[in-house]
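The chains referred to below are lettered A, B, ... by the order of the sequence lines, with proteins before strands, and numbering in each begins at 1. Just so you know, these numbers come straight off a predicted model, no measurement behind them. What's counted below: heavy atoms across the whole structure, side chains too, no hydrogens, waters or symmetry copies.
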2 protein chains.
Amino acid sequence: MARRKRESAGGKPTIFDVAQRAGVSIKTVSRVVNHEDNVRENTRERVLAAIADLDYQPNAAARGLSSKRSYVIGLIYENADEFSYMKHVLDGALAACEAQGYTLLLRPLTLPNDELLAQIRTFAVQARVDGVVLPAPIGDIDGVVDLLKELDVPFATVTPRTPKPEGINVFCDDAQASQDLASYLIEQGHNRIGFILGHPDHRATEQRYKGYRQALKAHGIGYDAALVRKGLFTFESGQQAAAKLLSLDTPPTAIMASNDDMAAGVSFHAHERGLDVPGDLSVVGFDDTPVASHMWPPLTTARQPISSMVEAAVNGLVRQLRGEEANLSEAPFHCEVVIRRSTGATP
Amino acid sequence: MARRKRESAGGKPTIFDVAQRAGVSIKTVSRVVNHEDNVRENTRERVLAAIADLDYQPNAAARGLSSKRSYVIGLIYENADEFSYMKHVLDGALAACEAQGYTLLLRPLTLPNDELLAQIRTFAVQARVDGVVLPAPIGDIDGVVDLLKELDVPFATVTPRTPKPEGINVFCDDAQASQDLASYLIEQGHNRIGFILGHPDHRATEQRYKGYRQALKAHGIGYDAALVRKGLFTFESGQQAAAKLLSLDTPPTAIMASNDDMAAGVSFHAHERGLDVPGDLSVVGFDDTPVASHMWPPLTTARQPISSMVEAAVNGLVRQLRGEEANLSEAPFHCEVVIRRSTGATP
DNA sequence: ACTCCATATGACAACGTTGTCATTTCATGG
DNA sequence: CCATGAAATGACAACGTTGTCATATGGAGT
């Protein structure tokens, strides 16, 4: 007269309650919940009705214990002060995880970091994640991808493509966007355009630099090494690079920074020198972070669809975890150029 | 000759492996792992050694299934465009969770939102969180706290204190910091000081307004309602409020905005009008977000120890979950005033 | 040495799923 | 009407911990 287990106590309904109500075995309920084949339509409906009636929610712990999967995806990221890029990463990752029924587990890391690989190993093993997403610059770092392969943890990177991409890789046309920005400046009459490189550990750095050179070449403008300075993607490094560039005997009339923070630094320094932007100096950034539209003057820049890229990465990862084809498009995501008031015609 | 279970397969070591190696029962291993009493020092050491030898990590799913706790803390937050406040919230929450052995589960919400309570209910029930952290402005919203009490989900709020605080509440001295900022302006010679209110749903809004009025009163300056404008904590609302204030017959010589984004809007608008900051207009913000130090001129503002506050909230919550006294200090956290170049003497 | 009690340890049954394999059901063709 | 095999369903044992309760151990007091 009674099931052997779960005498329908006051707690949350379990798979037994649903099975009893639908008049089937727990295994059939499990099949319905997990969208498995070989369930008669009629049966499926009865089970779904019982689930709805009882407001049944599968117990994640039990599921994880039995299936040996955690339904957790790890997001390993650089925890820099500037977080606007990561905000978009987070939005995309959360949206995709939610849609796929996965939980997102955050693992911030500080860079540079000698123990990086050890920390990632600990995280990957200890947290029992089913897979890991590696946005730039983490996915760019030597050894990270190899480590995850060694640990046999599925992963997806969101970072400019390497010659031989490993695992799932989502990327965008940084170089093209950079070229478009530089071309725009050239069309405004600029022919001495300063360029501030990004952090050398970010693969995007070389892509953006490449676009700059391509634009010069396409317009027949000679390359001047004095106009290219190193930077670190920080506001301060942008200030410093701007100071050097504007102290040249023939200073540039426009400066392209490899990201918005450095561009803000350039603009800040120009103001300190009493220069007008864009009257005396045009300034260009990259990323379209909030600071780009809120600083004065607002910044001409390029916007990456970061959330969508990360969503695509998570979706690909989940498909792989489910044993399906990862099935990622080979085409890069497209960056959009945003023209604002920080750029104008040659003085 | 063999245990009944777990013939030491190739997989991860389990509590059985540790028990065998240490020559004790699994229950004793469990006791050691969970820091329970009544384990002889000698025994504890043997178990710990075995754990270290095998690199044993308890299985979270099994633990959760057995103990009926998830070891997950939910963080419900407003997913605004501007994320610098949330970055600090996140840092604090992650740090505390990591230290306490809990996992953080993120639940972004968009505001305003008619289905807010339903969404929170779904999250709290479905995600099986052990507790929830509610930073401002979520913790300020009518009904949220009551809902969690009804659901019997432990929670901690990080938001200005109400007359009768419910659950764990962590807060800081917003009003005092605001008063200090206003006093500083008055000491610089300003006596017509504009004030831009924050979003009416944030409890911090009234606190910061209160500090402004207290400073006026303390210095014997009359209150002028025309100098106080509504805002929404956004850049745009700051611009608009500044436009109104600067169009007055006798415009203010300084404007206090209730946060940095609005202050950036004020500064932006001042530039559009051709005004010099701080020569013609002093501008003050609140929060010390990255934009405050990166905009031109850099912004005088007040900095809250948000990470520490959220850490304290999580720690209090965890203590409560463990059945200990929540044991929170009654003293508010202290905000620090940061003087930068956006403020100066009266023109 | 012996009792007694607190302390330390162990045996074993949950916990709620999924995986494996056995069994039933159903349509189909002979 | 029966044999056949595929589709549908079910029985039951994991999964790795913690909670409960029973039992062993050791030291203090006689």
Side-chain angles (χ1 to χ4, degrees), chain A residues 3-20 22-47 50-51 54 56-71 101 126 128 130 321-323, chain B residues 3-20 22-47 50-51 54 56-71 101 126 128 130 321-323:
Chain A
R3 285 168 302 151
R4 281 210 326 294
K5 288 187 170 187
R6 288 282 319 169
E7 289 303 321
S8 189
K12 305 222 169 146
T14 73
I15 200 170
F16 283 92
D17 299 311
V18 177
Q20 185 177 53
V24 298
S25 72
I26 57 168
K27 183 65 219 191
T28 296
V29 176
S30 174
R31 287 194 181 93
V32 171
V33 169
N34 294 289
H35 307 102
E36 286 175 30
D37 291 341
N38 297 340
V39 178
R40 211 178 311 250
E41 189 50 32
N42 178 340
T43 312
R44 178 185 308 280
E45 278 165 16
R46 256 187 309 144
V47 171
I51 287 174
L54 297 172
Y56 165 72
Q57 309 277 8
N59 180 309
R63 179 181 281 200
L65 179 58
S66 182
S67 68
K68 304 182 181 209
R69 282 180 294 162
S70 63
Y71 296 93
Q126 184 164 339
R128 289 188 155 85
D130 286 349
L321 293 175
R322 294 212 180 106
Chain B
R3 285 167 304 150
R4 278 212 326 294
K5 287 186 173 190
R6 290 280 320 169
E7 288 304 325
S8 190
K12 305 219 168 147
T14 72
I15 200 170
F16 284 91
D17 299 311
V18 176
Q20 186 176 51
V24 297
S25 73
I26 58 168
K27 182 66 217 191
T28 296
V29 176
S30 174
R31 288 194 180 92
V32 172
V33 169
N34 294 289
H35 307 100
E36 285 175 31
D37 290 341
N38 296 340
V39 177
R40 209 179 312 250
E41 190 50 33
N42 179 341
T43 311
R44 177 184 310 279
E45 279 164 15
R46 256 186 308 143
V47 171
I51 287 173
L54 296 172
Y56 164 73
Q57 310 277 8
N59 180 309
R63 179 182 285 202
L65 179 59
S66 182
S67 67
K68 307 186 179 202
R69 281 179 294 161
S70 63
Y71 296 94
Q126 184 165 339
R128 289 188 155 85
D130 286 349
L321 292 175
R322 295 211 180 107

For [X] and [N], give me the distance from atom [atom1] to atom [atom2], rounded to whole Å.
{"X": "B:Glu41", "N": "D:dG26", "atom1": "CD", "atom2": "C1'", "answer": "17 Å"}
{"X": "A:Ile26", "N": "D:dA14", "atom1": "CD1", "atom2": "C1'", "answer": "12 Å"}
{"X": "A:Tyr56", "N": "C:dG16", "atom1": "OH", "atom2": "P", "answer": "10 Å"}
{"X": "A:His35", "N": "C:dT18", "atom1": "NE2", "atom2": "C1'", "answer": "16 Å"}
{"X": "A:Arg44", "N": "D:dA7", "atom1": "CZ", "atom2": "C1'", "answer": "13 Å"}
{"X": "B:Phe16", "N": "D:dT17", "atom1": "CZ", "atom2": "C1'", "answer": "9 Å"}
{"X": "B:Lys12", "N": "D:dT17", "atom1": "NZ", "atom2": "P", "answer": "11 Å"}
{"X": "B:Lys27", "N": "D:dG19", "atom1": "NZ", "atom2": "C1'", "answer": "6 Å"}

*Which residue lies toward the 5' end of DNA chain D, A:Val24 or B:Gln57, if each is placed at its nearest nucleotide?*
A:Val24
*Start at the 5' end of DNA chain D and walk down; is the nucleotide closest to B:Glu36 or to B:Ala61 reached first?*
B:Ala61
*Under the 3.5 Å rule, do the base of C:dG19 and the side chain of A:Arg31 count as making a donor-acceptor pair?*
no
*asked:* For a quick check, tell me whether the side chain of A:Ser67 and the base of C:dT18 share a donor-acceptor pair closer than 3.5 Å.
replied: no
Any idea which of [options] is nearest the [X] side chain?
{"X": "B:Leu65", "options": "C:dG19, D:dT18, C:dC15", "answer": "C:dC15"}
{"X": "A:Asn59", "options": "D:dG10, C:dT17, D:dT17", "answer": "C:dT17"}
{"X": "B:Thr14", "options": "D:dG16, C:dG19, D:dT18", "answer": "D:dG16"}
{"X": "B:Ala62", "options": "D:dT17, C:dC26, D:dG10", "answer": "D:dT17"}
{"X": "B:Lys68", "options": "C:dC15, D:dA11, D:dC21", "answer": "C:dC15"}

Spacing of [X] atom [atom1] and [Y] atom [atom2] [to the nearest 0.5 Å]:
{"X": "B:Phe16", "Y": "B:Thr14", "atom1": "CZ", "atom2": "OG1", "value": "6.0 Å"}
{"X": "A:Lys12", "Y": "B:Arg128", "atom1": "NZ", "atom2": "CZ", "value": "4.5 Å"}
{"X": "B:Glu36", "Y": "B:Arg44", "atom1": "CD", "atom2": "CZ", "value": "9.5 Å"}
{"X": "B:Ile26", "Y": "B:Arg31", "atom1": "CD1", "atom2": "CZ", "value": "10.5 Å"}

Within less than 4.0 Å of OP1 or OP2 of [N], is there a side-chain N or O belonging to [X]?
{"X": "A:Asn38", "N": "D:dA6", "value": "no"}
{"X": "B:Tyr71", "N": "D:dT18", "value": "no"}
{"X": "B:Thr28", "N": "C:dG10", "value": "yes"}
{"X": "B:Ser66", "N": "D:dT18", "value": "no"}

_Shortest non-hydrogen contact between B:Gly64 and A:Ala61, atoms and distance_ = C-CB, 4.0 Å
*Comparing B:Asp37 and A:Arg63 on DNA chain C - which has the more 5′ nearest nucleotide*: B:Asp37
*Under the side-chain contact (heavy atoms from CB on, under 4.5 Å) rule, what do A:Arg46 and A:Thr28 come out as? Steps first, then yes or no, please.*
CA-CA 11 Å; A:Arg46 256 187 309 144; A:Thr28 296; over 6 Å; no
